[in-house]
Number of protein chains: 2
Amino acid sequence: MDKFASMRAFTQVIESGGFAAAARTMGVSRSTVNKLVINLEDELKVQLLQRSTRQVNPTPTGLAFYERCVNILAEVEAAELAVSQLQTEPKGTLKINAPMSFGTLHLGKAIAEFITQYPELQVQLTLDDRLIDPIAEGYDLTVRISQPETSPSLVCQAIAPVARVLCASSTYLAKHGVPQHPEELTEHSCLHYGQIVTGNQWQLSDREQEYRVTVKGTLCSNNGEVLRDAAVRGLGIALLPTFIIQQELDRETLAIVLPNYQPPALSLCLIYPLNRHLNTKIRLFTEFLRQKFGL
Amino acid sequence: MDKFASMRAFTQVIESGGFAAAARTMGVSRSTVNKLVINLEDELKVQLLQRSTRQVNPTPTGLAFYERCVNILAEVEAAELAVSQLQTEPKGTLKINAPMSFGTLHLGKAIAEFITQYPELQVQLTLDDRLIDPIAEGYDLTVRISQPETSPSLVCQAIAPVARVLCASSTYLAKHGVPQHPEELTEHSCLHYGQIVTGNQWQLSDREQEYRVTVKGTLCSNNGEVLRDAAVRGLGIALLPTFIIQQELDRETLAIVLPNYQPPALSLCLIYPLNRHLNTKIRLFTEFLRQKFGL
DNA sequence: ACATATTGTCTCAAATAATTCTACAATAAT
DNA sequence: ATTATTGTAGAATTATTTGAGACAATATGT
């Protein structure tokens, strides 16, 4: 039996001056109001209302209880309001983790724009190219450039495709020749992500076939900008997201190699805890990013 | 959905540090606690608890809501406690209405004894021989000497038989003769209750038959003691409850007339509002009276 | 490293409760 | 007097809650 409903019915009867009136304002039947109040009285083992067929008056005890009920109901309402406001008005800190390159090149500006909209919100951005556990490390949102991964307790949302290209400086290409086929890459000096043994498998495909090449790396790094700068200096061929080398392509300090062969698609992924009710801070920011970086 | 139950479950989960622990201390299944909390979260559209398969932690919003919940639940409990104490410990005033004669002769002493047991209780005794509406005039309890009457919204409890006898002074009887049969009363001067036209019908019966006599009254009153005193002074034959004339019978200043003919039985009646939950003040006092005046 | 126990959650059938409909006696209002 | 409205009671329908069992995920103990 719902004590909360009973209390509401009881106070409403007192305020409306009758069961029928209370039922009308509450939008239920008279029986319901009646039983709700009777249940309350039975539970308390107290007569709260004195009914004389046509008139309803609170007993002294009922009046005392009414005062308290009004208080309690108001406090419940206040608590719910506070929660929903806490929820709809983003406050506090939003902890974000993102890879170095994307962070410095794009996310910084986006966040700056975002926080001007929500002055109550503080953002703590951690740039890190490690793979991290967002829950264990307490991040509200993690940004990754990767293939969408699935996991329980995490939702991974791909919001934009991230194109990657092979590229090298014109000086390097002049010196070592321009490769015309993926197989030729084994003869080149390649600059790749990650560790020597893990990131040295490049996958390229044209319309018909897929080629897996194990490249020799003169330099590998977990940071794209390092690879980009190395490529600019003519150290080799790098496989890099276009957003990192856009400027270099425009200035023609880097040139695309093997343009007819595509590496596997990556995406800009947003990773956040899977919850029944998504935090507003997170929801607002992901929406903002989705709008900002397309889809 | 019972909001208080949800709030209790939620607070218990936080306090016990888990759904299973909370379920154990609440004596319900894990499913129930789970659903209760989920319902609460759904209603508020907020994630209150962050669950990671083996650990439960409140979100910042959840923590804020928890504080308020604890408050609210405490207040609910306080309100219920206050009501039940207000109910079990009789305080305030008990308004009693009783007829003059019984009031002065017996009830006064009884009430004096009663209130010594309950120092918090004040009794307001109104002696009145009018027939009154206990609810309309706001009496908690009405004492009447009458035949039990039935009524909606009132309960009439006969707690003791009240014997009545015909009586007169020896001087009167010596002067006018001792009646041997009810019919002879029409020749006598009779002292009766009420008004001239309403109380002048006396009903007497022996084992075989019932006699209705319309008596001539030289004096009628709505007060038994007036009639008694008139009878003592030899003004006529009165029909009076024994408790009014006990002393006079003992002292032989009044003698019983027609002892083989009984008037209809009356009772000492307690009349109080019919309610699902009887007020403790009333309950205690009626129990006291029932114990005092027998049954 | 493996097996075991415990966690939060889900689903489904059974039990339980709530709500309305209807009827009724009592009482204001007209 | 008549009419309308009140609070209440019981039956029937509807909705909800409950717990058992199953499940995947994760600690814990050996």
Side-chain angles (χ1 to χ4, degrees), chain A residues 1-10 12-14 16-43 47-59 62 133 135-136 150-155 273-277, chain B residues 1-10 12-14 16-43 47-59 62 133-136 149-155 273-277:
Chain A
M1 116 105 252
D2 191 344
K3 199 173 302 185
F4 186 74
S6 290
M7 283 166 79
R8 254 202 321 236
F10 167 62
Q12 191 58 244
V13 167
I14 289 194
S16 305
F19 284 70
R24 259 177 269 124
T25 67
M26 292 175 72
V28 293
S29 69
R30 277 173 295 157
S31 315
T32 301
V33 177
N34 186 29
K35 279 182 195 145
L36 245 25
V37 173
I38 285 180
N39 279 335
L40 193 60
E41 289 179 329
D42 283 352
E43 238 175 85
Q47 195 75 19
L48 293 173
L49 297 172
Q50 185 63 268
R51 297 88 148 157
S52 73
T53 323
R54 191 78 178 188
Q55 217 177 345
V56 176
N57 286 83
T59 63
D133 178 353
I135 292 180
T150 175
S151 139
S153 75
L154 280 182
V155 25
L274 168 60
N275 275 331
R276 193 177 300 271
H277 300 282
Chain B
M1 151 95 282
D2 192 343
K3 200 170 299 191
F4 288 139
S6 290
M7 287 166 82
R8 258 197 301 272
F10 167 62
Q12 192 57 244
V13 168
I14 290 195
S16 306
F19 285 68
R24 260 177 267 122
T25 66
M26 291 176 72
V28 292
S29 69
R30 277 174 295 155
S31 319
T32 301
V33 177
N34 187 29
K35 274 175 205 156
L36 245 26
V37 173
I38 285 181
N39 278 333
L40 193 60
E41 289 179 328
D42 283 351
E43 243 175 83
Q47 195 76 17
L48 294 172
L49 297 172
Q50 184 64 270
R51 298 92 149 154
S52 75
T53 322
R54 194 76 178 186
Q55 219 178 341
V56 175
N57 286 84
T59 64
D133 178 352
I135 293 180
E149 292 165 34
T150 177
S151 140
S153 77
L154 280 182
V155 26
L274 168 60
N275 276 332
R276 193 177 301 268
H277 302 282

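In the text below, chain A, chain B and the rest are named by the order of the sequence lines, each starting its count at 1. All figures in this text were calculated on a predicted structure; none of them were measured in a lab.
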Side chain Asp2(B), main chain Phe4(B), donor-acceptor under 3.5 Å: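 Checking the backbone N and O of Phe4(B) against the side chain of Asp2(B), a donor-acceptor pair under 3.5 Å is found.
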Can you tell me if Gln50(B) uses its side chain to pair, donor with acceptor, with the backbone of Thr59(B) under 3.5 Å?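 No; judged by distance alone, with no hydrogens or angles, the pair does not exist.
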What is the distance from [atom1] of [X] to [atom2] of [N], rounded to the nearest Å?
X: Gln50(A); N: dT8(D); atom1: CD; atom2: P; answer: 10 Å
X: Leu48(A); N: dG7(D); atom1: CG; atom2: C1'; answer: 16 Å
X: Arg24(B); N: dG19(D); atom1: CZ; atom2: P; answer: 15 Å
X: Asp2(B); N: dA18(C); atom1: CG; atom2: C1'; answer: 12 Å
X: Met1(B); N: dT16(C); atom1: CE; atom2: C1'; answer: 14 Å
X: Asn57(A); N: dT6(D); atom1: CG; atom2: P; answer: 16 Å
X: Phe19(B); N: dT26(D); atom1: CZ; atom2: P; answer: 16 Å
X: Leu154(A); N: dA24(D); atom1: CG; atom2: P; answer: 19 Å

Report yes if some heavy atom in the side chain of [X] is under 4.5 Å from a heavy atom in the side chain of [Y]; otherwise report no.
X: Val37(B); Y: Arg51(B); value: yes
X: Gln12(A); Y: Val33(A); value: no
X: Leu36(A); Y: Met7(A); value: no

Short side-chain N/O contact from Arg276(B) to OP1 or OP2 of dA9(D), under 4.0 Å: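 Yes, Arg276(B) has a side-chain N/O under 4.0 Å of OP1/OP2 on dA9(D).
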N or O in side chain of Arg51(A) less than 4.0 angstrom from dT6(D) OP1/OP2: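 Answer is no, no contact under 4.0 Å.
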Could you pull out the closest heavy-atom pair between Ser6(A) and Asn39(A), with the gap in Å?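 Ser6(A) and Asn39(A) have their closest heavy atoms at OG-CB, 4.4 Å.
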Value rounded to 0.5 Å, distance of CZ in Arg276(B) from CD in Gln47(A):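 One finds 7.5 Å between CZ of Arg276(B) and CD of Gln47(A).
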What distance separates Asn275(A) CG from Leu48(B) CG, expressed to the nearest 0.5 Å?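 The CG atom of Leu48(B) is 10.5 Å from CG of Asn275(A), to the nearest 0.5 Å.
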I'd like to know whether CD of Gln55(A) has more than 12 heavy-atom contacts from other residues, nucleotides or ligands below 6.0 angstrom.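 Open.
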How would you summarise protein contacts on nucleotides 24-30 of chain C per nucleotide, using B for base, S for sugar-phosphate only and - for none, with heavy-atom distances below 4.0 Å? --BSS--
Selection: residues 31-38 of chain B, any non-hydrogen atom under 4.0 Å of DNA chain C: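 Contacts with DNA chain C under 4.0 Å: Ser31(B), Asn34(B), Lys35(B), Ile38(B).
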